[in-house]
Amino acid sequence: MPELPELEIFKQYVDSTSLHQNIETIEVKNGKVLGGISASELKRGLEGRRFESTRRHGKHLFVELGDGEWLLLHFGMTGSLKYYKDADEEPTHARVLISFGNGYHLAFDDQRMFGKVDLIEDPDGYVEKQQLGLDPLDVDFTAFRQRLEGRRGEIKATLMNQRVFAGIGNIYSDEILFQVRLHPRTTVGRLDEGALHDLHEQTGRVLRVAIERGTSPGGLPESFLLPHRQEGADCPRNNGKIQKTKAAGRTAYYCPTCQPRI
DNA sequence: AGTACCACCTGACGGC
DNA sequence: TGCCGTCAGGTGGTAC
């Protein structure tokens, strides 16, 4: 699930459940999700401390520990968080368990283990080192256009390129392109000023609506593609049937009538 | 710079 | 019921 909207919801979830409590124990149930650190280093870094605040950049969540240390969470394809009390509520694929002084636990759950848990010293430095692009909720039109100028690739690949903008993945790129009526393989260079303007506006709107309404397709507006994102489903604008194609190595869903190939 | 393909993992689903 | 291929909302590496 985890693209920018889910990450923002994870951030709010940590903010409302897990801040300012003593971290008593860390249990690493599967070390594959650990980044550059060992289980004992993670324990040493977290136990006896508290989560002070959170930051999000694209699909990365940073949790401040104080003294210049931050917990870094990346959720891969299947990562999520669960805050719970009783052991029988532990999620099925819990990989790291954080237990607080109040008897509650925060689980980093990740079936496929493409996610990462790590300790870093500086979120800004991390973003720079990873060469992550701007978070699309932070960009005004000027910066947005500037970022796309001179690009020669296809629009879906470009939107999903984390070095261009950080946070958009396969699902939300489909939604954004449906809203602006662009075929996923449209070349960026073909977009005129008006199309870029529209793209900027709808990118922000789609992501904000998903954050506000929750990210399950059922909670999204009927005018969105996502509740209809399967081959042969009806286009939300009643312009025919949804089709799938390949773009940027992923499956892209689109309406061939609303989003003609140009 | 951009694209295609593979790998990393586990599990769900459809076809036979 | 069981086996098998395919596919899944991410990312990093490789080859072209």
Side-chain angles (χ1 to χ4, degrees), chain A residues 1-10 28-36 56-61 72-81 91-96 108-118 126-127 129-133 135-136 146-178 183-191 203 206-207 209-211 213-220 224-233 242-254:
Chain A
M1 308 179 290
E3 295 183 36
L4 187 152
E6 288 84 0
L7 261 289
E8 184 60 28
I9 289 167
F10 291 159
V28 175
K29 306 194 75 166
N30 195 313
K32 281 209 172 72
V33 297
L34 298 184
R56 180 191 62 73
H57 186 97
K59 301 175 191 173
H60 292 270
L61 182 60
L72 165 65
L73 300 176
H74 189 276
F75 295 89
M77 292 265 275
T78 53
S80 68
L81 294 174
T92 320
H93 308 288
R95 307 305 187 190
V96 175
F108 179 85
D109 186 81
D110 185 6
Q111 181 200 117
R112 292 174 70 184
M113 297 185 290
F114 294 161
K116 276 291 167 277
V117 176
D118 209 344
Y126 182 85
V127 166
K129 192 171 156 218
Q130 296 297 117
Q131 298 178 257
L132 294 175
D135 189 281
Q146 204 167 42
R147 210 70 198 82
L148 294 179
E149 257 166 7
R151 296 232 150 237
R152 296 154 44 137
E154 297 172 350
I155 185 61
K156 183 174 170 74
T158 304
L159 285 178
M160 291 200 298
N161 182 342
Q162 301 301 295
R163 292 182 177 189
V164 177
F165 298 113
I168 302 168
N170 196 29
I171 287 282
Y172 285 96
S173 58
D174 275 0
E175 184 63 57
I176 291 162
L177 293 174
F178 176 75
H183 188 283
R185 307 200 65 150
T186 306
T187 300
V188 173
R190 297 190 62 121
L191 304 183
T203 297
V206 163
L207 298 174
V209 167
I211 291 166
R213 310 226 348 193
T215 57
S216 71
L220 293 172
F224 271 35
L225 170 70
L226 293 185
H228 312 267
R229 190 178 177 274
Q230 51 184 342
E231 197 168 28
I242 300 304
Q243 277 186 20
K244 63 177 180 177
T245 186
K246 283 279 177 196
R250 316 292 298 278
T251 307
Y253 291 83
Y254 71 109

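Naming convention: chains lettered A, B, ... in sequence-line order (proteins, then strands); numbering from 1 in each chain.
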**OP:** Assign Q130(A) to base, sugar-phosphate, or nothing according to its heavy-atom contacts below 4.0 angstrom with the strands shown.
**Re:** sugar-phosphate
Original post:
Hey, does T158(A) reach any base, or is it just sugar-phosphate, or nothing, if we go heavy atoms under 4.0 Å?
Top reply: nothing
Original post:
Using 30° and 60° as the class limits, which term best fits the ring planes of H60(A) and Y126(A): parallel, tilted or perpendicular?
Top reply: perpendicular
Original post:
So, the side chain of K156(A) versus the backbone of N170(A): is there a donor-acceptor pair under 3.5 Å, distance only?
Top reply: yes
Original post:
Using the P atom in both, what is the distance from dG10(C) to dA1(B), to the nearest Å?
Top reply: 23 Å
Original post:
Ion pair present between R95(A) and D109(A), side-chain N to carboxylate O less than 4.0 angstrom?
Top reply: no
Original post:
What does R163(A) touch in the nucleic acid at a heavy-atom separation under 4.0 angstrom: a base, only the sugar-phosphate, or nothing?
Top reply: nothing
Original post:
Is there a side-chain contact between K59(A) and L4(A) (heavy atoms, below 4.5 Å)?
Top reply: no
Original post:
Expressed as a whole number of Å, how far does the P atom of dC9(B) sit from that of dC3(C)?
Top reply: 24 Å
Original post:
Which pair of non-hydrogen atoms, one from L220(A) and one from A210(A), has the smallest distance, and what is that distance?
Top reply: CD2-CA, 3.9 Å
Original post:
Do the rings of F10(A) and F75(A) sit parallel, tilted or perpendicular, given the 30° and 60° boundaries?
Top reply: tilted
Original post:
With a 4.5 Å heavy-atom cut-off, do L73(A) and L81(A) have their side chains touching?
Top reply: yes
Original post:
Considering only side-chain heavy atoms of H74(A), which listed nucleotide, dA8(C), dT3(B), dG10(C), is closest?
Top reply: dG10(C)
Original post:
What pair of heavy atoms forms the shortest contact from Y253(A) to Q230(A), and how long is it?
Top reply: CE2-CA, 3.7 Å
Original post:
Over how many whole Å does the gap from M77(A) atom CE to dC9(B) atom P extend?
Top reply: 14 Å
**OP:** Write down the distance between CG (L159(A)) and P (dT3(B)), rounded to a whole number of angstrom.
**Re:** 12 Å
Original post:
When the distance from CZ of R250(A) to C1' of dG10(C) is rounded to whole Å, what number comes out?
Top reply: 6 Å
**OP:** Take atom CD1 of I155(A) and atom C1' of dA1(B), then tell me their distance rounded to the nearest Å.
**Re:** 15 Å
Original post:
Just to confirm, is there a sub-4.0 Å distance from OP1 or OP2 of dC7(C) to any side-chain nitrogen or oxygen of T251(A)?
Top reply: no
Original post:
So, do F114(A) and dC8(B) meet the stacking rule of ring centres under 5.5 Å and planes under 30°?
Top reply: yes
Original post:
Which one, dT3(B), dA8(C), dG10(C), comes nearest to the side chain of K59(A)?
Top reply: dG10(C)
**OP:** Could you tell me whether E8(A) and R56(A) have a side-chain N and a carboxylate O separated by less than 4.0 Å?
**Re:** yes
**OP:** Just compare dT3(B), dG2(B), dA8(C) and give me whichever is closest to any side-chain atom of R152(A).
**Re:** dG2(B)
Original post:
K244(A) and T251(A): side-chain donor and acceptor closer than 3.5 Å?
Top reply: no
Original post:
Whole-Å distance between dG10(C) P and D174(A) CG?
Top reply: 10 Å
Subject >> Nearest-Å distance for atom pair CD/C1', residues Q131(A) and dG13(C) >> reply: 15 Å
Original post:
N161(A) has an atom CG; how far is it from atom P of dG10(C), in whole Å?
Top reply: 13 Å
Original post:
Using Watson-Crick pairs (N1 to N3, plus N6-O4 or O6-N4) and G-U wobble pairs, both distances under 3.5 Å, which stems of at least 3 pairs involve DNA chain C?
Top reply: B:2-8 with C:10-16, B:10-16 with C:2-8
Subject >> Footprint string (nucleotides 10-15 of chain B, 5' to 3'): B base within contact, S backbone only, - free, heavy atoms under 4.0 Å >> reply: BS----
**OP:** Nearest whole angstrom, please: distance from the P of dG10(C) to the CG of L132(A).
**Re:** 14 Å
Original post:
Touch check for R151(A), heavy atoms < 4.0 angstrom, all strands: base, sugar-phosphate only, or nothing?
Top reply: sugar-phosphate
